[in-house]
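Below is one structure, written out as structure tokens; the observations come after it.
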There are 4 protein chains.
Amino acid sequence: MAGSVNKVILVGNLGKDPEIRRTQDGRPIANLSIATSETWRDKNSGERKEKTEWHRVVIFSEPLCKIVEQYLKKGAKVYIEGALQTRKYTDQSGVEKYSTEIVLQGFNSTLTMLDGRSGGGGGGNFGDEPGGDFGSSGPVSSAPRRPVAAGGSGRNSDMDDDIPF
Amino acid sequence: MAGSVNKVILVGNLGKDPEIRRTQDGRPIANLSIATSETWRDKNSGERKEKTEWHRVVIFSEPLCKIVEQYLKKGAKVYIEGALQTRKYTDQSGVEKYSTEIVLQGFNSTLTMLDGRSGGGGGGNFGDEPGGDFGSSGPVSSAPRRPVAAGGSGRNSDMDDDIPF
Amino acid sequence: MAGSVNKVILVGNLGKDPEIRRTQDGRPIANLSIATSETWRDKNSGERKEKTEWHRVVIFSEPLCKIVEQYLKKGAKVYIEGALQTRKYTDQSGVEKYSTEIVLQGFNSTLTMLDGRSGGGGGGNFGDEPGGDFGSSGPVSSAPRRPVAAGGSGRNSDMDDDIPF
Amino acid sequence: MAGSVNKVILVGNLGKDPEIRRTQDGRPIANLSIATSETWRDKNSGERKEKTEWHRVVIFSEPLCKIVEQYLKKGAKVYIEGALQTRKYTDQSGVEKYSTEIVLQGFNSTLTMLDGRSGGGGGGNFGDEPGGDFGSSGPVSSAPRRPVAAGGSGRNSDMDDDIPF
DNA sequence: TTTT
DNA sequence: TTTT
């Protein structure tokens, strides 16, 4: 179908340390369990309520897996952008089940640390993307997006000046 | 948790007509089945591939349900903004299963038709939100967002002029 | 136009303390200056580069203004969801200029603190929205989105169980 | 800054045909003028109101420029994902001005056609991304995101079955 | 299993 | 003007 979008944006905390596995040909896959929660005040009782939602995140991007491995721990707060994917599987007792996951793979996937705990995901030489077999992926924040060198409209452009407001 | 975000954005097509039920106290709940798909060219074979993902959408917003009822049919293209929610249930054979749904309820939920088929979902008197028990919800597009009457900065403001580029 | 979306999502830091003004009829308007930045490694020189973008944010939502007033300070990290708006104004020397701002107003606007600094924006009795003249607005995180009481599909639903993965 | 996000999502219509220029070294740059609009009913007068917002979009991605060139015309409806950027320039009369644009460049930029007019933006050999000097970019929809071949968790996986709800 |  |  031309014209479809499948995007999930989460800001939440890791409920436990990341799990990192490798495929047979050596590519990393990271699994995160991320909590988001919402709080509200009950209209009738006036009580404060909270509801936590747990999200299964699967990362098929080599540079993002590196960041996960190096920087993320239980409790870390992250911004994540990925896509929904529902997988069918058969459990131990032979029952067919479905699991919906947020997949970070290729373009338009991002993982950004929101804790001060690390140096910014640095190190990864994104933009060079060493020919890994995974689609390249939005690195921590947006490293490989080169800044616009020339203005978008052919008019004079003094990029380095800051905007005064 | 302060500081969490749980957001899903989909652009896709209804795989079938919406299903609308009512709670015992008369509130509507709409279920949509939305397809998104991605296409890519296989690196090795060069073949064109396509993969479709199906999303279960549940709408707990009265005005959005009205729009669904009035305007949406199988095949319709929509923009949807909601939140992920995983529900546990026991199927007919007594097996516990989970279902992950995109919930449209309250703030920061939106449904916008992207077909030319309707007049814009109008009609709903959003902004008045007749005290329904559901959280009010982002209407078709953004009806109740009143335009900014005065500029954000106290400077002269000629809002009605259009911007010429 | 039926079917349009105008959405901005920022995660960044306040460059200075918020500015809060009031309209003649007493409604608050908050202005934030938010920095986002991206870093990348220059392909040729190998140098680390950084580019900061400054965003002008205008908040026309009474509950969000309260949160801004109570909790946000220079340096605070926030998640913001709003809409783009370009305003025309005439500067001191009579020159017509345009200013593009991210407006938080009404539905589908959110401000969430991402620092541990505060108690979560709590306190605000969102969902009751005391008849203010501003469109109600997504509170800190998503307070007023009441959790789904009944499952979306009429099957058994045990909402309070947690999902084990 | 580690941990920042700068994202704009628009669904709107081209106000005029795209303008495509080339840099001195031959790389394409496309400019789009996109309208979004919101409608609401005036609380007092009950009148239907509409406000249109115009967005300047600049595309620095070679494959996206190709799609723009081949498929987009005045009136086309598109989904766009990019980043905000404010540029300073000096106009003809020597006055310094600022222009805020939505830049599509590199990762986490997308352009998806929402009209039925084309076959899906296909053609572009995304995923191979012929070493152009621009950051690669999210193609029409999400072409280069290879589907997940193996499940995210090592359990049985029957990817090709569709999910029946 | 997180976080406030 | 922030942050790393």
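Here is how names work: the chains are called A, B, and so on, in the same order as the sequence lines, proteins then strands, and each is numbered from 1.
Nucleotide E:dT3 holds its C1' atom 13 Å from the NE2 atom of A:His55, rounded to whole Å. Remark: P of E:dT2 and CD of A:Glu53 are 16 Å apart, rounded to the nearest angstrom. Distance NZ (C:Lys51) to P (F:dT4): 20 Å, rounded to an integer number of Å. Following rounding to the nearest Å, C:Ile34 (CD1) and F:dT1 (P) show an atom-to-atom distance of 17 Å. Rounded to an integer number of Å, the gap from OH of A:Tyr71 to P of F:dT4 is 14 Å. If you measure from atom CG of A:Leu10 to atom P of E:dT1, you get 20 Å, rounded to the nearest angstrom. Taking atom CG on D:Asn6 and atom P on F:dT2, their separation rounds to 18 Å, with Å as the unit. Atoms CG (A:Leu114) and P (E:dT4) sit 13 Å apart, rounded to a whole Å.
In this structure, the nucleotide among E:dT1, F:dT3, E:dT3 sitting nearest to the side chain of A:Glu50 is E:dT3. Residue A:Asn13 has its side chain nearest to E:dT3 when only E:dT1, E:dT3, F:dT3 are considered. Closest to the side chain of C:Ser37, out of F:dT3, E:dT2, E:dT1, is F:dT3.
A salt bridge links C:Asp91 to C:Lys97: at least one charged side-chain nitrogen sits closer than 4.0 Å to a carboxylate oxygen. Electrostatic pairing of C:Arg48 and C:Glu50 does not count as a salt bridge here, judged by no charged N lying under 4.0 Å from a carboxylate O. Checked for salt-bridge contact, A:Glu47 and A:Arg41 miss the test: no charged N lies under 4.0 Å from a carboxylate O.
Remark: the B:Ser4 side chain and the E:dT3 base include no donor-acceptor N/O pair separated by less than 3.5 Å.
Shown here are the salt bridge (Lys or Arg N to Asp or Glu O under 4.0 Å) partners of C:Glu69, two or more places apart in sequence or in another chain: there are none.
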